[in-house]
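First the structure, in the form of structure tokens, and then the observations on it.
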Amino acid sequence: HGPGCSVAQVPVAEGKSVQQTVEMLTRKLEVLGAEKQGTFCVDCETYHTAASTISSQGQTGKLMYVMHNSEYPLSCFALFENGPCLIADANFDILMVKLKGFFQNAKANKIESRGTRYQYCDFLVKVGTVTMGPSARGISVEVEYCPCVIANDCWNLLMEFMQSFMGNHTPGIPSVFGTKHDSIYSPADTMVQYMELFNKIRKQQQVPVAGIR
């Protein structure tokens, strides 16, 4: 099992780039006394069932996301939108290649978040730049309260800490917490939060924006 954890998107500061906003956030963490603890990466590839390419685009239920998280290097996560999250070993990627008659990789949709890990007291914070293809599309912040395994017990503590460096961009309670109640938080819950964040960022990109590089 893993600790209680929140994954949130932070908007780009007005007049700043993604990179400058990430720097502002990490500077705030460093001022608080957080220490760098290496880097992290979470990636997500989208697969759709081969048959759904023929039918209408509305069939999002046919999507499957295959995800990796550098915190769990031996695992591969397969998630269905609104559905279960399967935790498999790293060989799952090879299996997906073999299943290409059934699941096709929408390569253009590969999305990932990379950045620096920070330790602050009992908190682990990961500030990531979310990229799709060559361009930075957003910012993710993951905060874990390490000693806690019952998600709802630590939410107030998490909130209080996040407010100290995220201010009014502190997120509300993640939906996975609502469904967990008093059950144990697991790595799959973190991956579901990343999947939701990535999908939100993907949808934001579908709105054409003129004049922004």
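If you read the sequence from its start, that first residue is 1, and numbering goes on from there.
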Judged by atom type as modelled, is there a donor-acceptor pair below 3.5 Å linking the side chain of Ser70 to the main-chain atoms of Cys41? yes
If you group Ile, Leu, Val, Met, Phe, Trp and Tyr by side-chain heavy-atom gaps below 4.5 Å, do Leu25 and Val125 land in one group? yes
Closer than 3.5 angstrom, by distance alone: can the side chain of Thr21 be matched with the main-chain N or O of Ala13 as a donor-acceptor pair? yes
Under 4.5 Å between side-chain heavy atoms, hopping through other hydrophobics if needed: is there a path connecting Leu86 to Phe92? yes
Contacts of Glu196 meeting salt bridge (Lys or Arg N to Asp or Glu O under 4.0 Å) (sequence neighbours excluded), chain-then-number -> none
Side chains of Tyr72 and Ile87, heavy atoms from C-beta outward: is any pair under 4.5 Å? no
State, yes or no, whether a side-chain contact exists between Val10 and Met166 at a heavy-atom distance under 4.5 Å. yes
Pairing residues for Lys16 by the salt bridge (Lys or Arg N to Asp or Glu O under 4.0 Å) criterion, not counting sequence neighbours: none
Rounding to 0.5 Å, atoms CG (Leu124) and SG (Cys5) come to a distance of 8.5 Å
If a pair satisfies side chain to side chain donor-acceptor pair (under 3.5 Å) and one of its residues is in residues 32-42, list it, with sequence neighbours excluded. none
Quick check against the 3.5 Å criterion: does Gln204 have a side-chain atom that pairs as donor or acceptor with the backbone of Gly138? no
What residues, two or more places apart in sequence or in another chain, satisfy side-chain contact (heavy atoms from CB on, under 4.5 Å) together with Ala90? none
Within this structure, what is the CG-CG distance for the pair Leu99 and Asn105, rounded to the nearest 0.5 Å? 12.5 Å
For Tyr120, give me all partners under ring-ring contact (aromatic ring centres under 6.0 Å, His included), at least two apart in sequence or on another chain. Phe161
Residues in salt bridge (Lys or Arg N to Asp or Glu O under 4.0 Å) with Arg27, at least two apart? none
Are Leu157 and Asp122 side-chain neighbours, meaning at least one heavy-atom pair lies under 4.5 Å? no
If I compare all heavy atoms of Phe40 with all of Gly128, which pair ends up nearest, and what's the gap? CZ-CA, 3.7 Å
